[in-house]
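The basis for the numbers below is simple: all heavy atoms, side chains too, and nothing from hydrogens, waters or symmetry mates. Lettering of chains follows the sequences in order, A, B, ..., and the numbering in each one begins at 1.
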Amino acid sequence: MTLSKATATKLDELAARYPTRMALTLPGLYLVQDEAGWISPQAMIDLAEHLDLSPAYVRGVATFYTMFRKDQVGRYLIQVCTNLSCQLMGSDTVLACLERKLGVKPGETTADGKFTVVEVECLASCGTAPMMQINDTYYEDLTEAKVEQILASLG
Amino acid sequence: MDKEPILTKRMHLPGSHTLAVYESVGGYQSLRKALAMEPAAVIDEVKKSGLRGRGGAGFPTGLKWSFVPKESTKPKYLCCNADEGEPGTFKDRVILEKDPHSLIEGMLIASWAVGIRHGYIYVRGEFLDQIKILQGAIDEAYAKGYLGKGILGTAFDCDLTVHRGAGAYVCGEETALINSIEGKRGQPRLKPPFPAVVGLFGGPTVVNNVETLAAVPWILERGAAAYVAYGTEKSTGSKLFSVSGPVKNPGVYEIELGYPLMDFLNNECGGLRDGTILKAIIVGGSSVPILTAAECEGARLDYESLQQKGTMLGSGGMIVFPEGANMVRLLTRLAKFYAHESCGQCTPCREGSGFILRMLEQIYQGHGKLDDLDNILRVANNMTGNTICPLADAMQMPVVSWITKFRKEFEQYIISGQRGTGARHG
Ligand SMILES: Cc1cc2nc3c(=O)[nH]c(=O)nc-3n(C[C@H](O)[C@H](O)[C@H](O)COP(=O)(O)O)c2cc1C
Ligand code: SF4
Ligand code: FES
């Protein structure tokens, strides 16, 4: 297999902005992930080939960074910050509400594959704590009612 | 701030992130001025301003720029550090959202001063909205001829590229950041060589924080003397603080350095929420030593005063702790952060952070012994001094200061046989 045409084209455009092909590793991993929702072992091989790198090298880089998903997750990835400011302002309530509503603990995915809940580190939203990120979107100043409302809006 | 703001003065304007608004209040005039000056004179002006790095270490900015060799066979690079991962810190975020052109202009001036033709802005991976705004501003600047070839009709060429991080705190460390842009695992490099000599893609490299670079256009516009009129003799200028915890008005504030901490808390931040009593404050991000409520009295927000108080200005990420905050649980959570973010290259950091986390977890879960506390302190103090990067120090400082200053609370927790309940702490 090879990379999708769209990803290959975008990478070739980006190549002008870096003196090495290796520097395209992170942008490439993002392009693959944005397209497929995660980075499969095969996608790493394809990307490595495109960048003239070894598959082991690309895997080594991908596993270093937490934002590259090496496993499939639920359609909605719910990331709850539980670092200092969020914990001081009530991230316990947010987690408890999610656990109750979805029936999963942090690190787990609902049986229907819809929601995955994880705890994460500070997301630079401490002034609007507690907060969570669902896929690409930040939800801030959370209360129990707000979390329930957000979950309901996701259907 | 009593004086006219430096960094936040445009942020209230509608559309402050756009080029049109930025230009309408004098934007890019500093670049024009800089391009008419000798590069060495620009560095000199920044040196005279006393501007120090706002990313945490407080290193003098002009001096850093002057370390880059003038002649180099390899291209030189500028890296803007927008990784903003230090817990409690969210101040660079507002610059990216509300005033991205000041960062672009600051990067252009820095590049002109140091002889750089390409800059990378390393933005933390979660900042997708901010990346969109920043990229929009960069596109506008290209279209208007502030970026690209022959900038403002001169022979100066300069490109800027946004590089998205991918969720690793240690990538905020400057050499890890460089590795990450190069497409490698984000592990810090042994220094020397320093980035100023061998940095990104092997070329001489300047790494500066967003806020540092965003202050540069004002300094060029008004002159170093005007900047020195802000702040104290050694801590010149203004600084952003991001305030979180149970205060009435959390958020990002610009203050003149040297401002009294308690005045800041009570006046600007509106004081603590009703019914809440101050227990402690971390003034500069989770990695700096904590101050007890008593120590906060009389503290001033500048590099020297805070050093006298045994802590640091750091990133300006201020976290306010109320009476009743469970320090055992919070420190356990914080230890988990550092243990998770340790890149594992150095034994003292890798092993020490893991050991401290396990001990704290045992204590938190009700299986602690009193002498565990001294063991933790001993291990923490052995983590530092022999590592590739200061992440080990960044863990040692909170661990030692929290346990020392709140020792009674830790001891009582152990003696009472309390068990951590509620949601998992990590
Ligand atoms: C573990 C670790 C994380 C860091 N994270 C950041 C960060 O997120 N942003 C930042 O500007 N500096 C961070 N720094 C400091 C950088 O290494 C570097 O000193 C700074 O970017 C230099 O810019 P300045 O002189 O303008 O402050 C971090 C340092 C360490 C050791
Ligand atoms: S001190 Fe820790 S984070 Fe820094 S290089 Fe060593 S192991 Fe990695
Ligand atoms: S501590 Fe949760 S966003 Fe910073």
Non-neighbouring partners of B:Gln130 that pass side-chain hydrogen bond (donor to acceptor under 3.5 Å, both in side chains), sequence neighbours left out: B:Glu97
Would you call A:Asp136-B:Lys132 a salt bridge at under 4.0 Å N-O? no
Heavy-atom donor-acceptor pair, A:Tyr30 side chain to B:Gly165 backbone, under 3.5 Å: yes
Tell me the salt bridge (charged side-chain N to carboxylate O under 4.0 Å, His left out) pairs involving residues 76-91 of chain A, sequence neighbours left out? none
Please assess A:Tyr18 against B:Thr161 for the test side chain to side chain donor-acceptor pair (under 3.5 Å), listing each intermediate value before the final yes or no. CA-CA 9 Å; A:Tyr18 298 92; B:Thr161 300; 5.9 Å; no
With a strict 4.5 Å heavy-atom criterion, list every residue of residues 143-150 of chain A that contacts chain B, or say none. none
Can a donor-acceptor pair be found, under 3.5 Å and without considering hydrogens, that links the side chain of B:Arg333 to the backbone of A:Leu84? no
Using heavy-atom distances under 4.5 Å, tell me whether A:Met22 contacts chain B through its side chain, its backbone, both, or neither. both
B:Phe337 portion near chain A, given a 4.5 angstrom heavy-atom threshold: both
A:Thr93 portion near chain B, given a 4.5 angstrom heavy-atom threshold: neither
How many angstroms lie between CZ in B:Arg164 and CE in A:Met67, if you round to the nearest 0.5 Å? 4.5 Å
Looking at B:Lys184, I'd like to know if its NZ atom is crowded, meaning that more than 12 non-hydrogen atoms belonging to other residues, nucleotides or ligands lie closer than 6.0 Å. yes
Does any backbone or side-chain atom of B:Glu182 lie under 4.5 Å from a heavy atom of chain A? Answer side chain, backbone, both or neither. backbone
With side-chain contact (heavy atoms from CB on, under 4.5 Å) as the test, would you mind laying out the steps for B:Ser180 and A:Leu26 before giving the verdict? CA-CA 8 Å; B:Ser180 189; A:Leu26 268 66; 3.5 Å; yes
For the CD atom of B:Glu126 and the OG1 atom of A:Thr66, what is their distance to the nearest 0.5 Å? 7.0 Å
Without swapping roles, check the side chain of A:Ser85 against the backbone of B:Gly88 for a donor-acceptor pair under 3.5 Å. no
Toward chain B, the part of A:Glu121 with a non-hydrogen atom under 4.5 Å: both
Main-chain N/O of B:Leu160 paired with A:Arg17 side-chain donor or acceptor, under 3.5 Å: yes
Applying side-chain contact (heavy atoms from CB on, under 4.5 Å), run through A:Tyr138 and B:Leu128 and close with a yes or a no. CA-CA 10 Å; A:Tyr138 277 25; B:Leu128 275 176; over 6 Å; no
Residues in side-chain contact (heavy atoms from CB on, under 4.5 Å) with A:Pro55, at least two apart? A:Ile45, A:Ala48, A:Arg59
SB check B:Lys336 A:Glu119 (cutoff 4.0 Å): no
